[in-house]
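A, B, ... follow the sequence lines: proteins, then strands. Residue 1 opens every chain.
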Amino acid sequence: MTQVDINTFLGSYPFRDIGEWEASDVVRAIARVGTDEAWVSHLAATFWRDPTAGNATLYEAHDRHAQLRSVPAVHPGLPGWEAVLDEAVARQVPAVRCDPTRYGLMPAGHEMQQLVAACGERDVPLMMAVRLEDIRQRHPNDAAAELPPWAVRQLIRNHPSARLLVTHADREFVEQVHFGSTPDEARRILWDICWIWGPPEDHLELLLQTIGIERFAFGTGLPLRLPEASSAKLDLLNLDADKREMLTAGNVRAFNSR
Amino acid sequence: MLIDVHAHFYQPAGGRADWAERNASRLRAGEQIEITRHVASILGTWGRRSPTYFPSPTDVVAGNDALLGLIAEHPERISGYACVNPNYTGHALAEIARCLDAGMIGVKLAASRRANDPLLDPICHAARDRGVPVLHHVWQHRRHEWGGQEASDAAELAQLARRHPAVPFVLAHIGGGGDWLHSLHAIRGVDNIFVDLSGSGVDHGMLEACLATVGAARLLWGCDITICTGWAKLRYLERLLSLDDIERVRWRNAMSIFPPGSFAT
């Protein structure tokens, strides 16, 4: 059974010492939990003035390790961002990413609307993280706001072909977006499971029932988070093989083969 | 064996309509990952009739009674901490005596009073006299006040632990949010504080820092309200530790701080 982790990073982190994660480190860590393919963003670049400066590293990582698929950053407030997006599309990336609150952008402002529309026109999904760390433990200088649910609702309405991959969302966030969207809008959003609680609260089990298993994909937040957490969550669901495969690979393949 | 030193159950007098489902889910998941014993507490009525972290004496009794009922129902799977509010000293001491006499094996202090406050001393004397540990709710590096609780951090718990060297203290949920590195630094030399690994946090580097700071001999496995993250940390530790050390974390350390015979099956 194939397992795709759509939520991993290379690089370092400014607010906590996790070391410098290189491609080979990610390859080893995903193998530990049985992941065959990882979608990789550049963690350090999230904090750089030009977050797209990490993209070259991602492309190199893919060249050396085919199982690492690049999720390059696009900053729609920087001149030339369309060229960055076009290069990503030409390289057949599975998604591009933008974390507007970390870039100092309004989360559903004009720049983001333009980016979502451009991604929709090019038929490439846009990935956004709700958060990288628990709000309770963030460094005093890590002051960027979390991505709010209303921004996701507004952005998905911005273009009829837009597709969003939202990571690090909890139950309440997912519900507010899903049930605040039309069925067509909701079908164009895929959620990773890394921040959704398992038993005894059973948020993930509930969401699979209320929102639908098709809307979720395996993601871990590696290397800020132990990937074992998402694996444990899957195991605790006790799904049959077909349903488990939907979460580990099938849903994301279907989402990206539209 | 696998002992979860930080579990909670819900009760019908609490504010959650799904209390029975959540309790059943904890036991079911516990069976799946082979938790031998859930050492649990119930914090009053969980906010329904008085605040979760400032439970009224009436609610303290209601919560402890509900837990005693669960223990009676599952005597080989559930053990209990007597939850008390130290602002009501006489009531707290009587409740500790009542609950320990009824078979509970520890004392739970949440966030009704700061850990270094002298009001906690009589509670700790009672714990010492009865030979039970104190599980203390901790906010990992409290940089300001948080609503709904008078939260303590590890530095404050360390002050209490130094005043009561004969009492084992459990620093709650190192993965429960906040700056775990601050907590580890604060308790490094305080040997009667054990670190419970529970909490939803699964930060890369946290477990290595725990091992480097206090060692496997002072780590206790637990879940709090997310069994998935507890299991994840256990899986990761199983790769890091020797068989001896993983057994310490899974159950041997817990056996050493609870009264003899607490986990006899």
Considering only heavy atoms and a distance below 4.5 Å, find which of A:Gly19, A:Gly198, A:Pro199 pairs most often with chain B. A:Pro199

Can you tell which part of A:Pro140 gets under 4.5 Å to a heavy atom of chain B, answering side chain, backbone, both or neither? both

Spatial distance of atom CD (A:Glu228) from atom CD (B:Glu238) [nearest 0.5 Å]: 10.0 Å

Counting only heavy atoms not in A:Glu172 (residues, nucleotides, ligands), do more than 12 fall under 6.0 Å from its CD? no

Carboxylate-amine/guanidinium proximity below 4.0 Å for A:Glu201 and B:Arg16: yes

Rounded to the nearest 0.5 Å, what separates atom OG in A:Ser231 from atom OH in B:Tyr236? 13.5 Å

Leading residue by heavy atom contact count with chain B [cutoff under 4.5 Å; candidates A:Leu224, A:Asp134, A:Ile18]: A:Leu224

Evaluate whether atom CG of B:Asp18 has more than 12 neighbouring non-hydrogen atoms of other residues, nucleotides or ligands under 6.0 angstrom away. yes

Are a donor atom and an acceptor atom from the side chains of A:Asp235 and B:Gln32 found within less than 3.5 Å of each other? no

List the steps, then state whether side-chain contact (heavy atoms from CB on, under 4.5 Å) holds for B:Val202 with A:Arg225. CA-CA 5 Å; B:Val202 286; A:Arg225 297 167 63 78; 3.6 Å; yes

Below 4.5 Å from any heavy atom of chain A, which atoms of B:Leu27 appear? Answer side chain, backbone, both or neither. neither

Are any of the side-chain nitrogens in A:Arg16 or B:Asp203 under 4.0 Å away from the carboxylate oxygens of its partner? yes

Would one find more than 12 heavy atoms of other residues, nucleotides or ligands at under 6.0 Å from atom CD of B:Glu34? no

Which bit of B:Leu234 comes within less than 4.5 Å of chain A, counting heavy atoms only: side chain, backbone, both or neither? neither

Could you please spell out the steps behind the side-chain contact (heavy atoms from CB on, under 4.5 Å) verdict for B:Arg239 and A:Arg32? CA-CA 10 Å; B:Arg239 303 177 61 89; A:Arg32 198 174 75 215; 3.2 Å; yes

With a 4.5 Å limit on heavy-atom distance, are the side chains of A:Pro200 and B:Asn23 in contact? no

Side chain, backbone, both or neither: which part of B:Tyr10 has a non-hydrogen atom closer than 4.5 Å to chain A? side chain

Answer with side chain, backbone, both or neither: which region of B:Arg142 has an atom nearer than 4.5 Å to a non-hydrogen atom of chain A? neither

Show the nearest heavy-atom pair for residues A:Arg136 and B:Gly176, with the distance to one decimal. NH1-O, 2.8 Å

Indicate the atoms forming the closest heavy-atom contact of B:Ser25 with A:Asp202, along with that distance. OG-OD2, 2.5 Å

Taking all non-hydrogen atoms of both residues into account, name the closest pair between A:Leu236 and B:Cys228 and its distance. CD1-CA, 3.7 Å

Hey, could you give me the OG1/CG distance between B:Thr229 and A:Leu226, rounded to the nearest 0.5 Å? 10.0 Å

Where do B:His204 and A:Pro223 come nearest, in terms of heavy atoms and distance? CB-O, 2.8 Å

Can you see which heavy atom on A:Ala232 is nearest to which on B:Ala232, and at what distance? CB-N, 4.2 Å

